[in-house]
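Hydrogens, waters and symmetry mates play no part in the numbers below; they use all other heavy atoms, side chains included.
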Amino acid sequence: MSAAVLPQGAGYGVGIGLFFSAFMLILTAIQARYTGFSPKNSEEFSSASRSVKPGLIASGIVSAWTWAATLLQSSAVAYKYGISGPWWYGSGATVQVLLFAMLAAKLKLNAPYAHTWLEIVGARWGTVAHLVFLVFGLATNIIVSSMLILGGSATVTDLTGMNTIAACFLIPLGVCIYVVVGGMRSTLLCDYTHTTVLFAIILTFVFTVYATSSKIGSFAQMHDLLAAASVKNPVSGNAHGSYLTMRSKNGLIFGVINVIGNFATVFQDQAYWQRAIASKPATCVKAYLLGGLAWFAIPFTFATTMGLAAVALTGDPDMQVLSPADVSAGLPAAAAASALLSKGGAAALLVLLFLAVTSATSAELIAVSSILTYDVYKKYFNPRANEQQILRMNHLMVGFFAIVMGLAGTIFYYIGVSMGWLYTFMGVILGSAVVPIALCITWRKANKWGCIAGALIGFALGVIAWLVTTSTLNGSVINVTTTGGDYEMLAGNLASIGVGGIIAVITSLIWPEDFDFEATRAINAKGHEKIVDSSNEKNDGSMDGIEEKKRREFASDDVGSVLSEVAAMEEEHELDPVGLKKAYRFASWSSVALTLILLIIVPLPLFFAQTVYGVRGLTAWVVIGIIWTFLSAISVVLYPLWESRRALKQIARGIVKDIFKPGSGKLVPPSVTSV
């Protein structure tokens with residue numbers, strides 16, 4: 001390892017992140033003062049009153065899905081496999097978000113008031129199923145969180161020399177502070193801020209590498225350097241050993257592993273269900289399709305830039321020599337950034353990594369706090385918990401899981417497990433529950449015991465296939481190094497998701513249930529019915545009636561509570577079964593079509609063609625990525641501002657009033673004329 005580029009103080013400053021926490025606390029205070037939405041309400045804390053617009057949800061999806069691995073592991077596979085690596089990483093982790101749009105539509109149709117996906121499992125299949133899938137859900141959150149901490153701490157240590165264990169615990173600390181104070185809406189505002197800076201820094205790196213850098217600076221020079229690297233160190237399994245081809249056998253294997261593993265971490269991660277729950281029913285499908293397509297640009301463009309730059313700069317005096325362990329830890333991007341821009345590049349990557357890790361960490365914290373509160377505390381310990389008890393438990397669980405994240409990262413660090421190993425391993429132990437969970441939410445015929453058996457047997461056979469393949473291919477030697485091979489992980493991933501899915505589907509076809517989803521639609525419905533019924537005494541439930549409710553109820557002293565009620569009424573108005581079924585059909589065909597394009601129609605013909613790209617081919621490949629990145633930035637940076645323009649004007653007016661007449665800008669109940 002080379003000497004640290006930045007001082008340790010930079011690592012500790014970013015690790016703690018107190019300055020960013022303070023910034024987010026200020027945003028939360030502004031929101032509470034000028035909009036009336038207050039996280040003192042448990043529904044607002046955990047689900048943002050289910051009223052968030054699609055642009056902000058899409059931005060949140062992009063931010064929550066941008067892990068440390070998104071930046072580091074994608075660059076590592078580009079470093080190992082060439083241009084195929086970024087494509088397989090991006091497409092292999094985009095399709096799950098696109099397909100999740102179908103589950104989001106079904107969630108709004110079949111369980112519109114649920115707080116977690118596990119509540120739906122419990123309401124449909126009872127305690128045994130709930131406990132089984134609770135283990136899978138929490139295991140998913142722990143593995144995802146460990147990857148965040150491992151990738152973040154490894155890179156912070158590499159760039160600054162900061163103690164790795166300190167990084168493991170300090171990274172979640174600052175995030176915990178603003179999540180406890182602000183809840184789900186604060187997390188989404190944080191996501192938007194992160195996403196904005198994320199795109200700015202990624203585009204900075206892109207134009208540095210391909211336009212201004214004295215070391216590369218053009219598409220032609222990048223092509224020449226990669227061609228020279230292919231001759232000096234040919235890539236095993238690639239056409240002609242080249243980095244400039246989609247014909248990469250190991251890249252394709254990674255793509256399959258990536259698809260399977262990421263199905264588990266999307267379908268079983270409460271963080272993605274949380275955003276579906278928080279979104280407005282009428283636009284949740286739009287949010288997930290938009291977020292998925294926008295996210296693809298981040299790993300594809302960043303890895304095509306920094307991963308390939310790390311290959312191109314091999315042998316450069318400013319480029320550190322990377323060992324296989326360094327590559328597995330995700331360090332090619334950090335090495336390239338330091339070689340290209342010295343301390344400036346290292347600092348930019350450190351900020352980029354901080355944003356990625358903290359945004360995803362905030363999503364995990366609020367997700368796990370919801371599971372532990374609603375699916376453990378309320379379900380098994382205090383079924384009659386009141387509003388204050390639920391809110392207090394949410395706060396406590398955020399802090400508790402922040403500590404667990406630090407401990408998990410430390411444990412994996414000491415046993416020698418890297419982010420790259422964990423990334424390919426997650427599908428082995430989590431993949432078996434993917435199909436059963438999807439069937440539970442969407443298919444009335446899904447068989448309870450078949451899906452439970454599929455999840456458990458698939459898990460067992462996935463682990464067996466992984467270990468047997470490792471032993472067979474490595475002379476009975478089983479350790480962290482041998483178990484992390486491509487074929488070993490491929491066998492475990494395929495066995496896990498395949499067996500789990502086959503058992504669940506076949507048993508459901510042989511012994512079908514006939515579930516009408518009325519039990520899941522009744523989850524938490526009583527509280528919402530009270531709100532809507534009390535409102536309908538004075539209006540007919542139409543949008544005009546809702547506006548009248550807004551005018552009348554602003555006379556209440558509790559503005560935040562009133563706005564939460566109004567949001568609930570608007571949600572009720574949008575929960576039209578006909579419209580939601582139409583949204584589900586749209587999500588189905590559009591997500592499936594996009595999945596076929598990303599996984600089959602585009603990459604497979606390029607794979608079988610065995611083409612090694614020249615300068616024009618590489619230029620077209622990179623330019624497509626740059627255009628996609630700009631379109632993504634417009635979708636998740638500018639569009640949320642446009643759709644929230646009225647709220648922003650309201651906040652601006654309040655701030656101006658407070659500046660010129662202190663105390664006059666706060667949102668207050670307007671006077672109501674007698675009726």
Side-chain angles (χ1 to χ4, degrees), residues 1-7 10-11 14 68 70-80 82-83 85-86 151-152 154-161 197-230 232-233 243-244 297-323 326-327 329-356 615 618-619 621-623 625-626 629:
M1 298 298 295
S2 63
V5 180
L6 298 173
V14 168
T70 305
L71 306 172
L72 304 179
Q73 181 68 6
S74 64
S75 296
V77 294
Y79 184 85
K80 290 163 64 176
I83 64 171
T155 306
V156 170
T157 299
D158 181 58
L159 293 175
T160 69
V197 180
L198 198 69
F199 275 106
I201 296 179
I202 288 174
L203 289 170
T204 299
F205 277 125
V206 169
F207 288 111
T208 297
V209 169
Y210 290 109
T212 64
S213 171
S214 59
K215 296 180 182 293
I216 303 177
S218 69
F219 298 112
Q221 181 67 3
M222 174 65 90
H223 179 274
D224 293 344
L225 290 170
L226 292 176
S230 301
K232 188 175 181 180
N233 297 302
Y243 288 94
L244 295 160
I298 293 176
F300 178 68
T301 305
F302 183 80
T304 301
T305 300
M306 302 306 290
L308 296 184
V311 175
L313 295 175
T314 301
D316 186 275
D318 296 325
M319 180 72 181
Q320 77 177 66
V321 178
L322 295 169
S323 67
D326 294 334
V327 177
L331 299 182
S338 299
L340 288 166
L341 294 169
S342 188
K343 289 187 177 181
L349 187 71
L350 194 61
V351 171
L352 193 64
L353 183 75
F354 169 74
L355 297 176
V615 176
L618 177 64
T619 301
W621 191 259
V622 176
V623 168
I626 294 172
T629 304

Pairs under 3.5 angstrom only: tabulate donor-acceptor contacts from the side chains of residues 298-308 to other protein residues two or more places apart or in another chain.
unit_1, atom_1, unit_2, atom_2, d
T301, OG1, A297, O, 2.9
T301, OG1, G625, O, 2.9
T301, OG1, T629, OG1, 2.8
T304, OG1, F300, O, 2.5
T305, OG1, T301, O, 2.8

Where do [X] and [Y] come nearest, in terms of heavy atoms and distance?
X: A335; Y: Q320; result: CB-CG, 3.7 Å
X: Y243; Y: K80; result: CE2-O, 4.4 Å
X: L322; Y: P332; result: CD1-CA, 3.7 Å
X: A229; Y: V311; result: CB-CG1, 3.8 Å
X: I83; Y: L244; result: CD1-C, 3.8 Å
X: F205; Y: G345; result: CZ-O, 3.7 Å

Reported [atom1]-to-[atom2] distance for the pair [X] and [Y], which is rounded to 0.5 angstrom:
X: T314; Y: L226; atom1: OG1; atom2: CG; answer: 9.5 Å
X: L350; Y: K343; atom1: CG; atom2: NZ; answer: 13.5 Å
X: L349; Y: S75; atom1: CG; atom2: OG; answer: 8.0 Å
X: D224; Y: F219; atom1: CG; atom2: CZ; answer: 13.5 Å
X: L313; Y: S338; atom1: CG; atom2: OG; answer: 11.0 Å

Any D318 side-chain heavy atom under 4.5 Å of S342 side chain: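 They are not in side-chain contact.
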Residues forming a side chain to side chain donor-acceptor pair (under 3.5 Å) with D316, sequence neighbours excluded: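 With sequence neighbours excluded, D316 shows a side chain to side chain donor-acceptor pair (under 3.5 Å) to K215, given in chain and number order.
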